[in-house]
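Below is one structure, written out as structure tokens; the observations come after it.
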Amino acid sequence: MTRDTAPPGPPASPNPRQRLTRSDRAVQLLSVAWEIVRTEGTGALTLGYLAARAGVTKPVVYDHFGDRNGLLAALYLGFDQRQNEKIDRAIAASAPTAEARAEVLARAYVDCVLTEGREIGDLVAALSGTPELQTIRRDRAAPFMEKFRAALAPASPSGDVGVAGLHAFLGAAEALSQAAAGDEISPEQAKHELRDLILDMLARQVQGRATVR
């Protein structure tokens, strides 16, 4: 076959594949990881499987997350960020009254957990007892509690909310949200119960007790 009669090569791609930046690659990998968790469960998520599903080599995934616990921790931190952003928007759009703040905080907290479904519970279970989860909870606990204290303090009779009350609220919020995610109660039941718990907690924040640490 002469050069003149050689078959034409494949047409050039109109959209050649471009190399992603490191931050964009991390977003892509986490998006694929969430899809794996949602459709196949946390047990199916390994760094090798993620690499195959994302169309990259294993070293790329290991470079981003280190190991499986690092990947699970990154997923949990992503949920934490989305939860904080949702709650911040709810607080900013609400009036500083007990009824308004109790309503928006209860709804925002439960809705955010339900948006992620059962995946968050699975992530926490997979990370249970690991240094990664302990570090996340230690680092995020104080800022998270301060967020709620600042949101609820204007609606408190004392002008503040004590640590005991905040722990009671957050413990109830987590338990009710997980119960709704597990279909033990309805989402509306979870929100109404949490709202009432917040209102009751605020009513007990009398001067001299709320500031006890």
Side-chain angles (χ1 to χ4, degrees), residues 22-23 25-54 56 58-88 90 105-106 108-151 161 163-185 187 190 194 197 213:
R22 183 174 179 82
S23 60
R25 178 66 71 191
V27 170
Q28 181 224 7
L29 292 173
L30 289 172
S31 177
V32 175
W34 269 117
E35 183 62 24
I36 293 171
V37 171
R38 290 190 182 102
T39 59
E40 303 178 56
T42 306
L45 183 61
T46 66
L47 271 66
Y49 186 43
L50 173 58
R53 287 285 300 272
V56 299
K58 287 183 181 180
V60 171
V61 180
Y62 280 89
D63 179 55
H64 277 274
F65 306 110
D67 56 20
R68 185 171 184 269
N69 284 349
L71 171 59
L72 295 175
L75 289 172
Y76 187 89
L77 284 171
F79 162 74
D80 182 78
Q81 180 179 351
R82 292 189 294 275
Q83 185 181 47
N84 272 281
E85 290 171 351
K86 186 179 186 70
I87 291 170
D88 286 343
L105 288 176
Y109 196 106
V110 174
D111 281 342
C112 192
V113 173
L114 293 180
T115 298
E116 309 294 338
R118 296 182 176 85
E119 291 83 6
I120 293 304
D122 291 343
L123 281 178
V124 172
L127 282 167
S128 180
T130 65
E132 288 82 359
L133 183 59
Q134 294 174 7
T135 298
I136 291 171
R137 288 185 163 172
R138 183 188 66 239
D139 292 346
R140 300 304 303 158
F144 204 53
M145 290 183 69
E146 177 57 25
K147 180 193 303 291
F148 286 105
R149 189 204 65 76
V161 181
V163 172
L166 289 171
H167 277 293
F169 158 56
L170 291 174
E174 182 174 356
L176 289 166
S177 297
Q178 290 302 325
D183 295 326
E184 298 175 47
I185 59 177
L194 184 55
L197 285 169
R213 297 293 190 264

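Residues take their numbers from the sequence shown, with the count starting at 1. Keep in mind the model is a prediction, meaning the values are calculated, not measured.
- Among all heavy-atom pairs drawn from Ala180 and Pro187, the shortest one is CB-CA, 4.2 Å.
- Side-chain atoms of Leu71 and Leu30, non-hydrogen and from C-beta on, do get closer than 4.5 Å to each other.
- Looking at every heavy atom in both residues, Leu114 comes nearest to Ser177 through CD2-O, 4.3 Å.
- Closest approach of Leu29 to Ala54, counting heavy atoms only: CD2-CB, 3.6 Å.
- Put simply, the side chain of Arg53 never gets that close to the backbone of Ala33: no donor and acceptor are under 3.5 Å apart.
- Counting heavy atoms from C-beta outward, Val32 and Tyr49 have side chains that stay 4.5 Å or more apart.
- Between Phe148 and Tyr109, the ring planes are tilted. Angles from 30° to 60° get that label.
- Here Leu127 contributes atom CG and Tyr76 contributes atom OH; the two are 9.0 Å apart, rounded to the nearest 0.5 Å.
- Heavy-atom minimum distance, Leu194 versus Ala106: CD2-CA, 3.7 Å.
- Taking the side-chain contact (heavy atoms from CB on, under 4.5 Å) definition, one finds that Ala44 meets it with Ile36, Glu40, sequence neighbours left out.
- A heavy-atom distance below 4.5 Å is not found between the side chains of Val161 and Phe169.
- A heavy-atom distance below 4.5 Å is not found between the side chains of Leu50 and Arg68.
- A 4.5 Å side-chain heavy-atom check between Leu197 and Leu176 finds at least one atom pair inside the cut-off.
- To the nearest 0.5 Å, atoms CG (Leu45) and CD (Glu35) are separated by 12.0 Å.
- Heavy-atom minimum distance, Cys112 versus Gln83: SG-CA, 3.1 Å.
- In terms of heavy atoms, Arg22 sits closest to His64 at O-CE1, 3.3 Å.
- Between Asp88 and Asn84, the side chains place no donor N or O within less than 3.5 Å of an acceptor N or O (distance only, hydrogens not considered).
- In this structure, the side chains of Lys58 and Leu47 stay at 4.5 Å or more apart for every pair of heavy atoms.
- Looking at Ile136 and Asp80, their side chains never come closer than 4.5 Å, going by heavy atoms from C-beta outward.
- In this structure a side-chain-to-backbone donor-acceptor pair under 3.5 Å is missing from Ser128 to Val124.
- Residues that satisfy the salt bridge (Lys or Arg N to Asp or Glu O under 4.0 Å) test with Asp122, not counting sequence neighbours, are absent from this structure.
- Two residues are said to be in side-chain contact when any heavy atoms from C-beta on lie closer than 4.5 Å; Glu132 and Leu72 fail this criterion.
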Step-by-step salt bridge (charged side-chain N to carboxylate O under 4.0 Å, His left out) determination, Glu85 to Arg82: CA-CA 5 Å; Glu85 290 171 351; Arg82 292 189 294 275; over 6 Å; no
